[in-house]
Amino acid sequence: MNPSRPFPYPKSRKLKPEELPEVYRALRRHFGHQDWWPGETPFEVMVGAILTQNTAWSNLEKAIANLRQAGVLSPEALRKISKKRLAALIRPAGYFNIKAERLKSFIQFFFKEYGGRLDRMRKERGTAPRTKLLSVKGVGPETADSMLLYALNRPIFVIDAYTKRIFARHRMMNFSESYDVWQKVFMSALPRQTSLYNDFHAQIVALGKALCKTSKPLCDYCPLSRYL
DNA sequence: GCCCAGGTGGGTA
DNA sequence: TACCCACATGGG
């Protein structure tokens, strides 16, 4: 994604953060409730959060399928497997060497901090899990927040490339604002509800994927065109 | 063949 | 702080 690319769409009115609840309802009317869970288990979600970094979802799915096929989609098995074999299994996800390294560092952290047990991580209150996750090499804010929202059911809004692209195009804020600023704007404008954050992010991804498949200008197609 | 995808960390000025 | 860059496969 090149944020400096010229803005390819007609000048639009500015979308205000206060309109986000309404935007969510518009997306939901268009796409329907997503009930989105990007993985079969919470642990799989955490693994997927690392594997999906800057990668097409279809490639991630191949890597997850390989891990499942090899029977290593568990904390214990991922701790035991060699980095070399792990890298070979996740090859379709791209960046396989660096992601094998990141998965290993995450697993090491997961055992050191929580004994490899998700329930122990769940019990920890407040912002401690996020702070700790961010200390793991290879886990940045989006990866940490994806884990917190989709694996631990915490009310944390995930900001991804689709989110920034779509809302920057609607001139709500600049693409280049920091992750924390983007997140603060969304979380200030929306009630703190896990189910809302889960489905809103899923709606954004649904829109992002739909727009990737069309060459039409955004405003001809987008269910948010009423806000232009 | 070319462009891009649900990021992150390291290096340089 | 603010940019560069490496990391890599697979689909359109």
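Order of the sequence lines fixes the chain letters, A, B, ..., with proteins taken first and strands second; residue numbering starts at 1 for each chain.
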S.K.: A/E142 has an atom CD; how far is it from atom P of B/dG9, in whole Å?
M.R.: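 These atoms are roughly 12 Å apart.
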S.K.: Are A/E124 and A/K132 within salt-bridge range, i.e. N to O under 4.0 Å?
M.R.: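 Answer for the salt bridge query: yes.
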S.K.: Using whole Å, report how far CZ of A/F96 lies from P of C/dA6.
M.R.: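 These atoms are roughly 17 Å apart.
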S.K.: Could you check how far CG of A/N59 sits from C1' of C/dG12, rounded to whole Å?
M.R.: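 Roughly 12 Å, once rounded to whole Å.
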S.K.: Remember a base hit wins even if backbone is also touched, and classify A/K99 as base, sugar-phosphate or nothing at under 4.0 Å, heavy atoms.
M.R.: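 Answer is nothing: A/K99 stays at 4.0 Å or more from every strand.
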S.K.: Please check if the side chain of A/E44 supplies one atom and the backbone of A/R68 the other of a donor-acceptor pair under 3.5 Å.
M.R.: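 Such a contact is absent between A/E44 side chain and A/R68 backbone.
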S.K.: Among the candidates C/dG11, C/dC7, B/dT8, find the nucleotide nearest to the side-chain atoms of A/K62.
M.R.: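 The listed nucleotide nearest to A/K62's side chain is C/dG11.
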S.K.: Between atom OH in A/Y95 and atom P in C/dG10, what is the gap in whole Å?
M.R.: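 Those two atoms, OH and P, are 14 Å apart.
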S.K.: What's the closest nucleotide to the side chain of A/P92 if the choices are C/dT9, B/dT8, B/dG10?
M.R.: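 Among C/dT9, B/dT8, B/dG10, the one nearest the side chain of A/P92 is C/dT9.
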S.K.: Has A/N54 got a side-chain N or O lying under 4.0 Å from the OP1 or OP2 atom of C/dA8?
M.R.: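 The answer is no; no side-chain N or O of A/N54 sits under 4.0 Å from OP1 or OP2.
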S.K.: Could you state the NE2-C1' distance from A/H201 to B/dG7, rounded to the nearest angstrom?
M.R.: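 It is 12 Å, rounded to the nearest whole Å.
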S.K.: For the side chain of A/T143, starting at C-beta, report the closest nucleotide among C/dG10, B/dT8, C/dT9.
M.R.: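 Side chain of A/T143 sits closest to B/dT8.
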S.K.: Which one is paired to C/dC5, where only Watson-Crick or G-U wobble pairs with both distances under 3.5 angstrom count?
M.R.: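 Looking at the geometry, C/dC5 pairs with B/dG9.
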S.K.: Does the Lys NZ or Arg CZ of A/R79 fall within the cation-pi geometry relative to A/F111 - under 6.0 Å from the ring centre and within 45° of the axis?
M.R.: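 Yes, A/R79 lies over the aromatic ring of A/F111.
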S.K.: In whole Å, measure the gap between the P atoms of B/dG1 and C/dA8 for me.
M.R.: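 Rounded to whole Å, the distance is 22 Å.
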S.K.: Give a yes or no on whether the backbone of A/R154 and the side-chain of A/Y197 come within a donor-acceptor separation of less than 3.5 Å.
M.R.: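 Side chain of A/Y197 to backbone of A/R154, a donor-acceptor pair under 3.5 Å: no, none is there.
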S.K.: Regarding A/R102, tell me which of base, sugar-phosphate or nothing describes its non-hydrogen contacts under 4.0 Å with the strands shown.
M.R.: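 If one applies the 4.0 Å heavy-atom cut-off, A/R102 turns out to touch a base.
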S.K.: Please indicate whether A/Q193 has more than 12 foreign heavy atoms, meaning atoms of other residues, nucleotides or ligands, lying under 6.0 Å from its CD.
M.R.: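 Yes, CD of A/Q193 has more than 12 neighbouring heavy atoms, counting only those of other groups under 6.0 Å.
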S.K.: Distance check, P atoms only: C/dG10 and B/dT8, in whole angstrom units.
M.R.: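 The answer is 22 Å between these two P atoms.
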S.K.: If you assign each of A/N97 and A/S58 to its closest nucleotide in DNA chain C, which residue comes earlier from the 5' end?
M.R.: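 The answer here is A/N97.
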S.K.: Pick base, sugar-phosphate or nothing for A/V139, based on heavy-atom distances below 4.0 Å to the nucleic acid.
M.R.: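 Result for A/V139 = sugar-phosphate.
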